[in-house]
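Comments concern the structure below.
Since we're looking at a predicted model, the values are computed, not measured.
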Amino acid sequence: AAQNSLGTDHEICLLRSAVAPRSGQRLIIGGTLQGEVGFWQASPSPTPGSTSTSAAPQLEASLSVSTTPVEALVVFGDEDNTIRLHGCVACICADSSVTVVLLEGFRLLYTVPGRGARLTSLAVRADELLLTYDDDKARVWDLRTQELRRSIATDQAQALIEDGKG
C-alpha cells in the first residue's frame, strides 16, 4: 500500500474539499476503506512573487467512524434547511451508518447507526434528518435529541420532502 499521512494500513478511497465556516480554514477531507476520516489543512496559496513551493497539506485530525469503508462525505453549507448541521460533514459508510463531525475542532457530534440496507439519500429539514434506504424504507431522526423519531415507507418520505415545510 502507498504511504499517506494516515499510515500504510489506511487506504484513502474518497476526497472532498470544505471550508470551516467560522475560521475560514480550507480543508481536505479523506475517507478510507477502513472506516477512518482524515482532515488536512489545505496549503494557503503562495503570495505573489514568492519563490517558495507550496507545502503538503498538514493532517489536523483523524477519526474512526466505522469498521466499513467511507462511501460518501456530505458537507453542509449555508442552506437554510441545514442550519443545525451548518459547518459539519456527514460521513456515510458502507454499513449505512452516518457520522456527523463538526469541522471546527473536528469533534464527532453523533452517529446514526446503520441498518441492513444501503443508504440511498439523506435530507435535512429543520431538526430532522431523513435517511432513505434501498429497501423502500426510510427513517426520520431528531437532530436535537439524537433519537429515532419514526420509520416510514419511502413514498411517505418523498411526500415529506415535497411538502417543503421546515
Side-chain angles (χ1 to χ4, degrees), residues 1-115 118-133 139 141-148:
Q3 177 66 32
N4 66 62
S5 51
L6 291 174
T8 54
D9 56 340
H10 295 282
E11 297 174 70
I12 297 172
C13 58
L14 169 68
L15 291 171
R16 181 94 163 79
S17 64
V19 175
R22 287 192 186 91
S23 66
Q25 182 181 37
R26 289 178 36 231
L27 300 167
I28 299 168
I29 308 168
T32 72
L33 293 175
Q34 294 74 26
E36 186 114 353
V37 177
F39 299 86
W40 291 265
Q41 181 174 349
S43 303
S45 302
T47 53
S50 168
T51 57
S52 66
T53 58
S54 64
Q58 294 298 306
L59 181 66
E60 297 284 314
S62 64
L63 299 169
S64 180
V65 296
S66 178
T67 57
T68 64
V70 178
E71 292 190 332
L73 297 165
V74 178
V75 177
F76 295 99
D78 297 323
E79 298 87 3
D80 289 340
N81 65 329
T82 66
I83 195 71
R84 186 167 288 280
L85 296 179
H86 177 70
C88 294
V89 59
C91 309
I92 295 123
C93 296
D95 63 0
S96 76
S97 65
V98 178
T99 299
V100 177
V101 178
L102 186 63
L103 292 175
E104 305 284 351
F106 314 109
R107 196 172 57 128
L108 192 145
L109 295 181
Y110 47 83
T111 298
V112 174
R115 49 183 301 271
R118 299 201 47 88
L119 184 68
T120 56
S121 70
L122 170 150
V124 178
R125 184 179 76 171
D127 291 325
E128 294 180 329
L129 176 64
L130 172 67
L131 304 173
T132 58
Y133 301 90
R139 288 184 171 173
W141 291 86
D142 186 311
L143 293 172
R144 282 174 305 180
T145 64
Q146 300 174 19
E147 294 175 343
L148 176 63

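Pairing each heavy atom of R26 with each of V19, the nearest pair is CG-CG2, 4.2 Å. Between C88 and V100 the shortest heavy-atom distance is CB-CG1, 3.8 Å. Counting all heavy atoms, side chain and backbone alike, T145 lies closest to D142 at N-OD1, 3.0 Å. In this structure, G38 and L59 approach most closely via the heavy-atom pair CA-CD1, 4.3 Å. Taking every heavy atom of both residues into account, R22 and E104 meet most closely at N-OE2, 2.7 Å. Of all heavy-atom pairs spanning G31 and V70, the tightest one is CA-CB, 3.8 Å.
With rounding to the nearest 0.5 Å, the separation of NE2 in H86 from CG in L103 is 9.5 Å. Residue L130 holds its CG atom at 8.0 Å from CG of L122, rounded to the nearest 0.5 Å. Taken to the nearest 0.5 Å, the CD atom of E36 stands 11.5 Å off from the SG atom of C13. Rounding to the nearest 0.5 Å places CG of L73 at 4.5 Å from CG of L14. Atoms CD and OG, from Q41 and S23 in turn, are 8.5 Å apart once rounded to the nearest 0.5 Å. Rounded to the nearest 0.5 angstrom, D127 CG and R144 CZ are separated by 4.0 Å.
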Evaluation steps, side-chain contact (heavy atoms from CB on, under 4.5 Å), between R139 and L148: CA-CA 7 Å; R139 288 184 171 173; L148 176 63; 3.8 Å; yes

Pair S97-V65, side-chain contact (heavy atoms from CB on, under 4.5 Å): steps then yes or no: CA-CA 9 Å; S97 65; V65 296; over 6 Å; no

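Residues V75 and I29 are in side-chain contact: their nearest non-hydrogen atoms beyond the backbone lie under 4.5 Å apart. Residues P69 and E11 are not in side-chain contact: their nearest non-hydrogen atoms beyond the backbone lie 4.5 Å or more apart. In this structure the side chain of V101 reaches within 4.5 angstrom of the side chain of F39, judged on heavy atoms. Residues W40 and L6 meet the side-chain proximity criterion, which asks for heavy atoms closer than 4.5 Å. Using a 4.5 Å cut-off on side-chain heavy atoms (C-beta onward), V98 and W141 make no contact. Counting heavy atoms from C-beta on, the side chains of S66 and T99 never come closer than 4.5 Å.
T132 places no side-chain N or O within donor-acceptor distance of the main-chain N or O of T120, the cut-off being under 3.5 Å. Judged by distance alone, with hydrogens and angles left aside, the side-chain atoms of Q146 form no donor-acceptor pair with the main-chain N or O of Y110 at under 3.5 Å.
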